[in-house]
Amino acid sequence: MKKTILLGLCLILFIMTGCGPTTTKQSRFLLNTVVEITVYGRKSEKLINELFQEMQYMENKYSRYIADSEIYNVNSNPGIPVPVSEDTFDLIQQGIYYATISDGLFDISIGPLVDLWAIGEQNPQIPLQSDIDLAKSRVDYRNISMDSQNHTISVAEGMSIDTGAIAKGFITDKLVYILQEGNADSALLNLGGNLYLYSSKPDGSLWTLGIRDPFGSQGDYLGTISVRDMSVVTSGIYERYFEVDQKRFHHILNPETGYPADNELASISIISPSSTKCDGLSTTCFLLGLDKGMELIEQLEDVETIMVTKDKKVYVSNGIKNGAIHFKLTNDEYTLINK
Ligand code: ADP
Ligand code: MG
């Protein structure tokens with residue numbers, strides 16, 4: 001079952017008018033996840049409608065599961081250069097960037113492996129090795145042809161571009177632009193755990209949010225960070241998975257092995273003003289593992305990370321060590337490594 005259809009619509013809307021600031025909060029099932037948005041300020045209702053409209057519009061272009069989306073059309077016409085809009089072209093180019101900096105561990109053409117594993121769908125199973133080998137042979141971002149002059153994209157036979165690892169971040173950045181243009185006072189965007197904390201809280205203080213305990217249940221945190229005008233995105237082994245003989249198979253797949261990434265990491269959070277960077281890098285660094293992932297983060301501008309290992313150690317990047325981003329470990333089952 002492809003989850004592109006709006007499976008459920010949960011709409012919470014409350015508007016407070018009068019002397020206090022206006023607040024509008026809505027949550028809907030979109031982008032195959034629950035999206036929850038809160039906007040504070042006079043035009044919050046109008047803005048929030050615009051945000052959801054824009055999100056639906058973008059999903060209709062970027063989702064490979066929606067018939068007639070631009071990505072669907074690229075995937076279903078192998079060998080043919082398919083014209084796409086500028087932003088779709090940009091999204092795939094960003095995906096290719098993360099593939100190049102990770103030597104192909106991040107691969108925007110991961111579709112065949114994602115379909116095979118079907119993690120998050122009903123009755124997932126470990127696929128046959130022969131099927132894994134076949135799917136693996138169809139995953140290679142270097143076989144995507146991008147024509148920047150004509151804005152066309154074409155893929156080779158059997159390939160499938162999958163924007164799942166980066167689209168939520170990319171969409172979030174577009175939403176932030178709408179908030180800026182609309183002069184929103186402050187806002188909180190939550191696209192299935194892909195967060196953006198816009199401006200400060202209405203009272204002028206920083207937003208404080210919990211970093212999920214990857215071994216706890218939903219709502220359990222291992223620590224908190226305080227930020228403003230920042231995106232925070234976490235990738236972890238607890239998001240979508242199934243278990244066989246106590247071994248966990250989760251949804252971030254290593255295109256070299258054809259299996260879920262299996263290293264020391266349990267979760268990784270990326271903090272940056274760019275949500276595209278956060279989303280792209282959370283998946284990329286998860287695949288790279290602790291040392292290479294941390295090395296990459298330290299080379300990049302405006303990006304910080306909190307990496308949590310399976311043995312409950314918490315590693316943070318320099319901008320967190322030096323206090324530029326304030327992180328507090330609150331769960332004593334975990335040890336902060338501050339070397
Ligand atoms: P989520 O969006 O579920 O919070 P991620 O941002 O880490 O988590 O993205 C996971 C999704 O990315 C998968 O569901 C799949 O669609 C896609 N994906 C899985 N493995 C890879 C990979 N190696 N490279 C690029 N995309 C991947
Ligand atoms: Mg991601």
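Quick note: residue numbers are just sequence positions, from 1. Every number for a ligand or one of its atoms is a count from 1 in the order of the listing.
Considering backbone and side-chain N/O atoms, Val114 never comes within less than 3.5 Å of an N/O atom of ligand 1. The shortest N/O to N/O separation between Leu105 and ligand 1 falls below 3.5 Å. Between Ser282 and ligand 1, a contact under 3.5 Å exists for no N or O pair.
Side-chain contact, Thr234 with Ser269: a donor N or O sits under 3.5 Å from an acceptor N or O.
A salt bridge is defined here as a Lys NZ or Arg NE, NH1 or NH2 lying under 4.0 Å from an Asp or Glu carboxylate O, and Arg248 with Glu243 meets this definition. Salt bridge present: Asp262 and Lys247 bring a charged side-chain N and a carboxylate O closer than 4.0 Å. Using a 4.0 Å cut-off between a side-chain N of Lys or Arg and a carboxylate O of Asp or Glu, Asp279 and Lys168 do not qualify as a salt bridge. Between Asp87 and Lys61, at least one side-chain N (NZ, or NE/NH1/NH2) sits under 4.0 Å from a carboxylate O, which counts as a salt bridge. Taking a cutoff of 4.0 Å between a charged side-chain nitrogen and a carboxylate oxygen, Asp115 and Arg64 qualify as a salt bridge.
At a threshold of 2.8 Å, the Mg ion (ligand 2) has no backbone or side-chain N, O or S atom of Lys168 nearer than that distance. Not a single N/O/S atom of Ser235, whether from backbone or side chain, sits less than 2.8 Å from the Mg ion (ligand 2).
Of all protein heavy atoms, the one closest to atom 19 (C) of ligand 1 is His251 O, 3.3 Å. Protein heavy atom nearest atom 2 (O) of ligand 1, with residue, atom name and distance: Lys168 NZ, 2.7 Å. With respect to atom 4 (O) of ligand 1, the closest heavy atom belonging to the protein is Glu239 OE1, 2.5 Å. Of the protein's heavy atoms, Leu253 O, 3.7 Å lies nearest to atom 22 (C) of ligand 1.
Near Asp279, meaning under 4.0 Å from any of its heavy atoms, are these atoms of ligand 1: 6 (O). Every atom of ligand 1 with a heavy atom of Thr283 under 4.0 Å away is listed here by number and element: 5 (P), 6 (O), 7 (O), 9 (O). Close contacts of ligand 1 with Ile252, meaning ligand atoms under 4.0 Å from a residue heavy atom, involve 7 (O), 19 (C), 20 (N). Under a 4.0 Å criterion applied to the non-hydrogen atoms of Ser235, ligand 1 contributes the atoms 5 (P), 6 (O), 7 (O).
In this structure, Arg212 forms no cation-pi arrangement with Tyr221, as its terminal cationic atom is not both closer than 6.0 Å to the ring centre and no more than 45° off the ring axis.
Under the 30°/60° scheme for interplanar angles, the aromatic rings of Phe249 and Phe242 are found to lie parallel. Taking the six-membered ring where the residue is Trp, His250 and Phe286 present perpendicular rings, their angle passing 60° and hence far from 30°.
Nearest to atom 24 (N) of ligand 1 by heavy-atom distance, out of Ile110, Asp107, Leu281, is Asp107. In the candidate list Gly169, Cys278, Gly164, Pro255, Gly164 is nearest to atom 11 (C) of ligand 1, counting heavy atoms.
At least one donor-acceptor pair under 3.5 Å links the side chain of Thr330 to the backbone N or O of Leu222.
The environment of NZ in Lys174 is crowded: more than 12 heavy-atom neighbours from other residues, nucleotides or ligands sit within 6.0 Å.
Both the backbone and the side chain of Ala165 come within contact range of ligand 1, each with a heavy atom under 4.0 Å.
Rounding to 10°, one obtains 180° for the angle at the Mg ion (ligand 2) between OD1 (Asp279) and OG1 (Thr283).
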